[in-house]
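Everything on this sheet refers to the single structure shown next.
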Amino acid sequence: AWSVLVGASADRTLHVIDPIVYEAYQDQARAIARRTVLAPDPVEAIPEVSKADARARLGIPTDGRLVSCVGRLDARKGVDLLVSAFLDAPTHATDRLLLMGKVMPEVGDLLAADAAPAVRSGRIIVVDGYVPDETMNLANAACDLVGVVYRHHSSSSSILIRAAAQRRPVLTTNLGWMGRTCRQFGLGFDCNIRNPGELAETLAELR
């Protein structure tokens, strides 16, 4: 249906940022393919900050390893899956999970229940509220692994692109643009994020 609507448009050039969509047009919609250009999905230049400096500026411990998840903290982004996997994974006592962004009710309920001991001990650090770009960049710089574990999102992710620009490995789904991009460019770890055991196992590879 999308191809039919796009094909009926008067646009002479169609810019797409997803190579999976681009290749689908090449295979299935030649009339559209002739008008299609694969375009970059850029982020702005990000100042380089050391891990220790970023953690100090954020006021979080400088020892141990850190997994981060930044932005709106909800089930759509799989934040509940990430929290549960972190609790189940055989991590070290100084390994921490940084959650920074607006906490949605489904994640807040989990943090107040099963994850409450980890929150109280500081192994899960929660910063609830809007995250400006500068703080997001600091969070990425501070961590050893960036969690990008969307449940249903299959196209590009600016968080993943920012992590790549800052040379931080990602933990992401094995599906769609994110899985393909992670594997193609060696950006970190991809797995079936809906399989709790597999997600916890992959997260444990941080050790």
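Here, residue 1 is the first one in the sequence, and each next residue gets the next number.
The closest side-chain heavy-atom distance from Val16 to Leu38 is below 4.5 Å. Residues Val83 and Asp80 are not in side-chain contact: their nearest non-hydrogen atoms beyond the backbone lie 4.5 Å or more apart. Contact check for Leu171 versus Leu199: side-chain heavy atoms found under the 4.5 Å cut-off. Using a 4.5 Å cut-off on side-chain heavy atoms (C-beta onward), Leu160 and Val146 make no contact. Between Leu82 and Lys77, every side-chain heavy-atom pair lies at or beyond the 4.5 Å cut-off. Within the 4.5 Å cutoff, side-chain heavy atoms of Phe86 are placed close to those of Leu203. Between Met100 and Ser68, the closest side-chain pair of non-hydrogen atoms is not below 4.5 Å. Looking only at side-chain heavy atoms (C-beta outward), Asn137 and Glu44 come within less than 4.5 Å of each other.
Judged by distance alone, the side chain of Glu198 and the main-chain N or O of Cys191 form no donor-acceptor pair under 3.5 Å. At distances below 3.5 Å, not a single donor-acceptor pair connects side-chain atoms of Arg76 with backbone N or O atoms of Arg151. Between the side chain of Thr172 and the backbone N or O of Val148 there is at least one donor-acceptor pair closer than 3.5 Å. Asp88 places no side-chain N or O within donor-acceptor distance of the main-chain N or O of Ala200, the cut-off being under 3.5 Å. Under the 3.5 Å distance criterion, the side-chain polar atoms of Asp114 are left unmatched by any main-chain donor or acceptor of Leu110. The backbone N or O of Leu81 lies less than 3.5 Å from no partner atom in the side chain of Ser84, so there is not a single donor-acceptor pair. Side-chain N or O atoms of Arg96 include none that pairs as donor or acceptor with a backbone N or O of Leu66 at under 3.5 Å. Checked by atom type and distance alone, the side chain of Asn192 pairs as donor or acceptor with a backbone atom of Arg194 at under 3.5 Å. Side-chain atoms of Thr36 come within 3.5 Å of backbone atoms of Ile32 as a donor-acceptor pair (strictly under, hydrogens ignored). Arg55 contributes no side-chain N or O that, together with a main-chain N or O of Leu138, makes up a donor-acceptor pair within less than 3.5 Å.
Val103 and Leu97 fall within a single hydrophobic cluster, where Ile, Leu, Val, Met, Phe, Trp and Tyr are joined by side-chain heavy atoms under 4.5 Å apart, directly or via other members. The same ILVMFWY cluster, assembled from side-chain heavy atoms under 4.5 Å apart, contains both Leu87 and Val149. In the hydrophobic clustering of this structure, Val43 does not group with Val131; members are Ile, Leu, Val, Met, Phe, Trp, Tyr whose side-chain heavy atoms approach within less than 4.5 Å, directly or through other members. When the side chains of ILVMFWY residues are joined at heavy-atom separations under 4.5 Å, either directly or via intervening members, Leu111 and Met104 end up in two distinct hydrophobic clusters. Follow the hydrophobic side-chain contacts under 4.5 Å out from Met136 and you reach Leu58 in the same cluster.
Scanning all heavy atoms of the two residues, the minimum distance from Asp74 to Val107 falls at CA-CG2, 3.8 Å. Residues Pro40 and Ile17 share a closest heavy-atom pair of O-CG2, 3.7 Å. Scanning both residues, Cys69 and Gly147, for their nearest heavy atoms gives SG-O, 4.0 Å. The two residues Asn140 and Ala163 make their nearest non-hydrogen contact at ND2-N, 4.1 Å. Contact record, Ala56 with Thr62: N-CG2, 4.5 Å, taken as the closest heavy-atom pair. Taking all atoms of both residues into account, the shortest heavy-atom contact from Ala75 to Glu106 is N-OE2, 2.8 Å.
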Stepwise, does the salt bridge (Lys or Arg N to Asp or Glu O under 4.0 Å) test hold for Asp133 with Arg162? CA-CA 10 Å; Asp133 285 350; Arg162 284 177 179 274; 3.6 Å; yes
The test is side-chain contact (heavy atoms from CB on, under 4.5 Å); show your working for Phe189 and Val170 and say whether it passes.
CA-CA 6 Å; Phe189 309 93; Val170 300; over 6 Å; no
Checklist entry - Does the pair Leu99 and Ile125 meet the rule for a side-chain contact (heavy atoms from CB on, under 4.5 Å), with working shown? => result CA-CA 6 Å; Leu99 302 177; Ile125 303 168; over 6 Å; no
Self-check item: side-chain contact (heavy atoms from CB on, under 4.5 Å) assessment of His15 paired with Arg35
Solution: CA-CA 9 Å; His15 297 275; Arg35 294 185 279 155; over 6 Å; no
Next on the checklist: Is there a salt bridge (Lys or Arg N to Asp or Glu O under 4.0 Å) between Arg168 and Asp144? Walk through the geometry before answering.
Outcome noted: CA-CA 7 Å; Arg168 291 295 185 269; Asp144 298 280; over 6 Å; no
**Item:** Thr91 and Arg123: CA distance, side-chain angles, deciding distance, side chain to side chain donor-acceptor pair (under 3.5 Å) verdict
**Value:** CA-CA 10 Å; Thr91 53; Arg123 292 200 67 225; 2.8 Å; yes
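Between atom CZ of residue Arg34 and atom OG1 of residue Thr13 there is a gap of 13.5 Å, rounded to the nearest 0.5 Å. The CD1 atom of Ile159 sits 4.0 Å away from atom OH of Tyr150, with the distance rounded to the nearest 0.5 Å. Atom CD of Gln166 is separated from atom CD1 of Ile161 by 12.5 Å, given to the nearest 0.5 angstrom. Atom CG of Leu145 and atom CG of Asp95 lie 10.5 Å apart (nearest 0.5 Å). Rounding to the nearest 0.5 angstrom, the gap separating the OH atom in Tyr130 from the CZ atom in Arg72 is 14.0 Å.
When each of Ser156, Ser157, Ser158 is paired with Asp41, the side-chain hydrogen bond (donor to acceptor under 3.5 Å, both in side chains) condition holds for Ser156 and for no other.
Within 6.0 Å of the CD atom in Glu48, the count of heavy atoms belonging to other residues, nucleotides or ligands does not exceed 12. For Arg183, the CZ atom counts as densely surrounded, since its 6.0 Å shell holds more than 12 non-hydrogen atoms of other residues, nucleotides or ligands.
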